[in-house]
Each structure stands twice: as C-alpha cells, then as structure tokens.
**Student:** 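Once you've had a glance at the structure underneath, I'll fire off some questions.
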Amino acid sequence: MLLGTVLVLLLAGAVPASAHAALRGTDPDDGSLVKQAPRHVTLTFTESVGLLDDSFRVFGPDQRRVHTGEATHADGRSDTARVGLPGKLAQGTYTVAWRVVSADSHPVSGAFSFSVGKRSATTVQIDTGSTEDPLTGGLNDAARYLAYLAAALLVGLAAFALLCRPADTSALRRPLVAAWWTLLGSTLVLLLLRAPYEAGTGPAAAFDASALGRTLTSRPGLALVARLVLLLLTAAFLLWLSRRRDPKERPVALAIGTALAAALALTWAAAEHASAGIQVPLAMTSSVLHLLATGVWLGGLVALLLTLRRSSGDGVADDMVEVVTRFSRIAFASVTVLAVTGVYQSWRGLGSLSALTGTSYGRLLLAKLAGVAVLLLAARYSRRWTARIAAPAAVTRTAAVQERVPQPVGAPAGHDGPEEPETPDKAAKEPSASGADPDTRRRLRRSVLVEVAVAAVVLMITTVLTGTLPARAQAEAARQAPAGALPPTTLITVPYDTGAESVSGRGTVQVTLDPARVGENGIQAVAAGSDKGLVVVPEIRITFTLPSRKVGPIDAELTDQGGYWSTNSVNLPLAGNWTMKTTVRVSDVDQVSVERRVRIAP
C-alpha cells in the first residue's frame, strides 16, 4: 500500500519524453529578420518543461531589458514555453535569454536573437544572467552525493542484518543511525537548494518562502518530500525492529523493509533520467532495482567489514562463517542484477556505440565501467577468502558426523565409544571450529576495504552521470530541428584598437557566423566606432584556423556590401574550437588583427 501510494504521487502526469530537455526550435527563429514585431516568443522542447518566474529575459537593441508578461505554456502544451512582448518594439536586434527545468529535474538554459525591421550592431556584451551559481551548484552536487551514499549504507546495513543474520549487530547500529541522519540532512538541503538551483541564484535564495512554496508543488520537490516521509517511517521501522527478537517475525520485517527500500529508491527514479525518455515504466523499474542492488551490495560490504572487525578478536566463529557465506551469495545476486539493469540503462542513455567516446555522457559511463571492473576484481578476491574461511567449518561439521561410532549396549548417555588419547599430531590435523587462520581473515578484511573505497568513487561518478545530458537525448534534439527553421547563429563581438585618432580607429566588430556548423557558413561583419555608431572601414578580413588538426588558415573572402562585409560560402570542414582572426583596416597604414575562439558544431 505504501509503495503504491508513493508511486501514484510521483508518477502523476508522467509521460514519455527525452531525458534532459533540449531546445527543438524558437519562434521567431534564431537569427531571423522579421518585418513586424512578434506578439510572443515561443520555445519548443523535446520534453515537458517546468517554468520559473524568470524563465525569459529579453534585451532590446539598446541592451536594456524589455518588459515582458508571465511565462506560460503555449496552447497548454507542456513541452513549450511562451512569453508575451510589448505591443510596439523598436527596430533592431533583440536577445532572448531563457531558463527552464526539464522533466528529469535538471535546469537547462540558453539564448538566441532575432531582429525586427533591420539588424543592429551590439557593441557591448549583454548580461543574460548566470546559468548556474557555482556555490549553489557545488552544494547541490555534494548533497546529492551524500544522499546516494547514505541511502546505499541505510539499505545495505539493514539488509545485511535481516538477510545475513549475524548474532551480534551492535557494530551496525551506530553507522545505521548515522546513515539515516545523513540522508535526512542531505534531503533537507536538496529541498532548500532546489529553488536557487533551478533559478541559477546564490544559496541565500533558499530561504525565500514563495520559492520554497513553488518547489513543494514541483515533481522534484514532491519526490524530496516523499523521501522525508519515508525516512520517518523508516525510523519507526528500525525502532520496532530493534525491539523484536522473535525469529517468526523475520518474514514480516523483510516485507516491510523491502517496501520501504523500494519506495526510497523510487524517489530517485521518479525525479531523474528514468522518469523521462523511452520506455519510462521499464526504465523506472530498472532504476529502482539498480539502486536497491547497489545498496544491498555496497552497503552490505561496509556492514561485513564492520562485523569482521568486531569479531577479529575472538576469531571467526561458526556463526560468522555462516554470515560471510550468506553475504557472498547475496552479493553475487546483487552483482547480477546490477549487470542486467546497468546494460539496459547504458543502452537507453547512449543510443549508439559511437556515443561512448563522442559524448560527455559516454566518457563518464566508461569511467564508471572502469571503476566497476576494479570493484568486481576486488570482489573476486573477497569470494576467494570467503571460501577459505567457510571450508574449515564445513570440514569440522562433516568430521563430527563421520567420527561418531555405534555405542555399546548399556553405555552411559553421551558416550560415543572408547576415548583415544589426544596426540600433538592429531590436534594439529583437527579442523578449527573457529574458521580460517588469522592471515585469511586479514586478507578478507583488506579486500572488502578496497571494495568499499572503490565503491565510493563509483558512486561519485554516478552522481555526476545523473546530471549529464544523455547521448540519446542529445542526438534526438539534433534530429528534431523543426522544418523551415533557420540554423543557430553565433554572434561574436570583437573589440579592436588600431591606434589611429579617428572615430573608426577604435571600436568593435560584430561578426555573425551562421550556422556555426561543419560545412558552408555565412558571415556578416559590422563595424562600430568609438562613439558606438556604425562606421565604414576600408577592409575587414577574417580567417579561420583549427590548431588541433593543423587546418588553415581559411580565408572567408568577405566582400563589401555597402556598410557591412559578408560572404555566404566559407567552408569549415571539421568540428572543433577554431581560431577566428579578424583584421580591421581603417586607413592605408592603420590596421589591427584580433583573435577569438569559435566553436564549430558537427
């Protein structure tokens, strides 16, 4: 019942979409020149998006912010964002900065421009707002990592106590309480930081009551609130469990614990990559199983290490041998679940093998796979030492059965036959009831410690991975550009100073590169003097060089169009960070060259 309630709460309104919202198109089109001022600015995304109070910032030709209406969804479609513009707009170029929240809880932002009547030169950089506050982003990432780590410990420690059944669980109590408090604290921090994280503002905005109210009605906010409620229920369950000693209640405890753990895992799955994209129900199920298996294995490793340290003083008793053996079987099952769900989630996020090395998501996934490989290697050694610990106990039990002989009639109770004197040789051959030798136990503890350390690194990579745009979504956004839309335009403002005393001797050149992709590109260059007015100069020359591939210089061969310089046929054959060299000549003897880095997309 509890799991179903949380499922309904978090999945209400969930629809298939692309993980991480990507911009499909704008109206007006990016870089377009329209005759009449538009009444609205509309953005279309690859998935549903959430709107913020400051989702749109529109700047006019004079670089001042234009008063706009409240951001809404166009025609009730959740994959759009629209803002109204004033009735009369002056002629010139307008810059639109936008910021929304994708369905998987990550904010996305960008900017584009359009012109009304005629294009105008931009002589200064426009402050379109911060895309992310570094301190807020750092605190949010730290809290997310601590939440993952604490959840793995909470689930793993509890599962170890219930499934492996150690006789003494005192070594697990303090870490279990610490994991619960850490998860509670990190969840509260994430809830408070949600509003400034979405808006890209400083941590001080976390105490804005109105912003917190909006957070509590959003899907990520609901997931965090549900997690807090589940943590309170988990505390009550652990308190009840600590007071119950009857083995008959173990099945009930296992059922309640599994439901709580699955519900906790669902609060992550419902607000991250699994909640958007293809095959959402299957993806969320896979994500929940993946998180649970991670907790049972990695948190269980910590529990095993603590239990082994507690029992190291008295050797490994039969009870501890059984505990180690049980955990070995549980860990193997967990690794199997992790492998199956991990392969599925990798396929879902990548979309193609080339994305493994060609995207940030793929490279992070490779790093995670490398960490998991090291983890499995350490686990292999742990299983070897586990088998050596379990073997003597098994031999002891077998020998005890085989050494029993028929009792003579009338023999006293408990007498198994004639006693043989114990010799040193016999004592040396007798299997130890306390398990393996100290060296084997020490090797097991070391290998488990290595597993725990590597697991912490893998969890850190996972935290970064969940905040990275999946390669499949990136490719889908590129494929779904709307028909008829102009390609994206890159605007570069290049300041220059030739040393001449004239108005045109010092100023800026605004270079428009369209579409800033591999292949044919168009270029327009407009010069503005020291008085910020447009000026006519004898020559503007632009060349492109790609140092990393030793390509260039490629001359754009601009021609004078009567007030500005342009070309429609410069071919940039490779993607990468090109160096654009702009040479401005204002007289026969006065000229200067300025270099700028330009990103050319595939």
**Student:** Please identify each residue that fulfils side chain to side chain donor-acceptor pair (under 3.5 Å) with Thr44, with sequence neighbours left out.
**Tutor:** none

**Student:** Mind telling me whether Phe45 and Trp98 have parallel, tilted or perpendicular rings, with 30° and 60° as the class edges?
**Tutor:** perpendicular

**Student:** Got a sec, which residues hit side chain to side chain contact (heavy atoms under 4.5 Å, CB included) with Leu228, two or more places apart in sequence or on another chain?
**Tutor:** Leu184, Thr187, Leu188, Leu191

**Student:** Hey, does Ser218 have a side-chain heavy atom less than 4.5 Å from the side chain of Val101?
**Tutor:** no

**Student:** Can you name the residues that form a side chain to side chain contact (heavy atoms under 4.5 Å, CB included) with Val83, not counting sequence neighbours?
**Tutor:** Val41, Phe56, Thr68

**Student:** For Arg82 and Thr72, test the side chains for any donor-to-acceptor distance below 3.5 angstrom and give the result as yes or no.
**Tutor:** no

**Student:** Under the side chain to side chain donor-acceptor pair (under 3.5 Å) rule, collect the residues that match up with Ser186, sequence neighbours excluded.
**Tutor:** none

**Student:** Please list, chain by chain and in numerical order, all residues satisfying side chain to side chain contact (heavy atoms under 4.5 Å, CB included) with Ser115, sequence neighbours excluded.
**Tutor:** Leu33, Thr93, Arg119

**Student:** Apply side-chain contact (heavy atoms from CB on, under 4.5 Å) to residues Leu139 and Val189 and explain how you reach the verdict.
**Tutor:** CA-CA 8 Å; Leu139 291 174; Val189 171; 5.5 Å; no

**Student:** Is the shortest side-chain heavy-atom distance between Thr182 and Leu149 below 4.5 Å?
**Tutor:** no

**Student:** List the residues meeting side chain to side chain contact (heavy atoms under 4.5 Å, CB included) with Val454, not counting sequence neighbours, and say none if there are none.
**Tutor:** Val374, Leu375, Val450, Val458

**Student:** Would a distance-only check, ignoring hydrogens and angles, find a side-chain to backbone donor-acceptor pair under 3.5 Å from Ser55 to Ala71?
**Tutor:** no

**Student:** For Arg77, give me all partners under salt bridge (Lys or Arg N to Asp or Glu O under 4.0 Å), at least two apart in sequence or on another chain.
**Tutor:** Asp79

**Student:** Examine distances only and state if a side-chain atom of Arg194 and a backbone atom of Leu216 form a donor-acceptor pair shorter than 3.5 Å.
**Tutor:** no

**Student:** List the residues meeting ring-ring contact (aromatic ring centres under 6.0 Å, His included) with Phe112, not counting sequence neighbours, and say none if there are none.
**Tutor:** none

**Student:** Any heavy-atom pair between the side chains of Ile523 and Phe544 that's under 4.5 Å?
**Tutor:** yes

**Student:** Identify the two heavy atoms, one from Arg99 and one from Tyr197, that lie closest to each other, and give their separation to 0.1 Å.
**Tutor:** NH2-O, 3.2 Å

**Student:** Between the side chain of Ser286 and the main-chain N/O of Leu282, is any donor-acceptor distance below 3.5 Å?
**Tutor:** no

**Student:** When you measure from the side chain of Trp180 to the backbone N and O of Leu231, does any donor-acceptor pair fall under 3.5 Å?
**Tutor:** yes

**Student:** So Ile600 and Leu513, side-chain contact (heavy atoms from CB on, under 4.5 Å) or not? Walk me through it.
**Tutor:** CA-CA 10 Å; Ile600 301 300; Leu513 183 60; 3.7 Å; yes

**Student:** State which residues pass ring-ring contact (aromatic ring centres under 6.0 Å, His included) with Trp578; sequence neighbours excluded, sorted by chain then number.
**Tutor:** none

**Student:** Working to the nearest 0.5 angstrom, can you tell me the gap between Leu154 CG and Thr234 OG1?
**Tutor:** 6.0 Å

**Student:** Begin with the C-alpha distance, continue with both residues' side-chain angles, and end with the deciding distance and a verdict on side-chain contact (heavy atoms from CB on, under 4.5 Å) for Val49 and Ser78.
**Tutor:** CA-CA 6 Å; Val49 295; Ser78 61; over 6 Å; no

**Student:** Do Val100 and Pro107 have side chains that get closer than 4.5 Å, going by heavy atoms?
**Tutor:** no

**Student:** What residues, two or more places apart in sequence or in another chain, satisfy side chain to side chain donor-acceptor pair (under 3.5 Å) together with Arg596?
**Tutor:** none

**Student:** Examine Arg144 relative to Trp268 and say whether NZ or CZ is less than 6.0 Å from the centre of the six-membered ring and inside a 45° cone about the ring axis.
**Tutor:** no

**Student:** Partners of Asp208 by side chain to side chain donor-acceptor pair (under 3.5 Å), sequence neighbours excluded?
**Tutor:** Ser210

**Student:** Can you check whether Tyr94 reaches Pro28 side chain to side chain, under 4.5 Å on heavy atoms?
**Tutor:** no

**Student:** What pairs with Arg363 under salt bridge (Lys or Arg N to Asp or Glu O under 4.0 Å), at least two apart in sequence or on another chain?
**Tutor:** none

**Student:** Going by heavy atoms in the side chains, are Asp75 and Thr80 under 4.5 Å from each other?
**Tutor:** no

**Student:** State, to 0.1 Å, how close Gln36 and Val116 come at their nearest heavy-atom pair, and which atoms those are.
**Tutor:** C-CG1, 4.3 Å

**Student:** For the residue pair Pro38 and Asp27, establish whether any side-chain heavy-atom pair is separated by less than 4.5 Å.
**Tutor:** no

**Student:** Look only at the side chain of Asn577 and the backbone of Arg599, and say whether a donor-acceptor pair between them is shorter than 3.5 Å.
**Tutor:** no

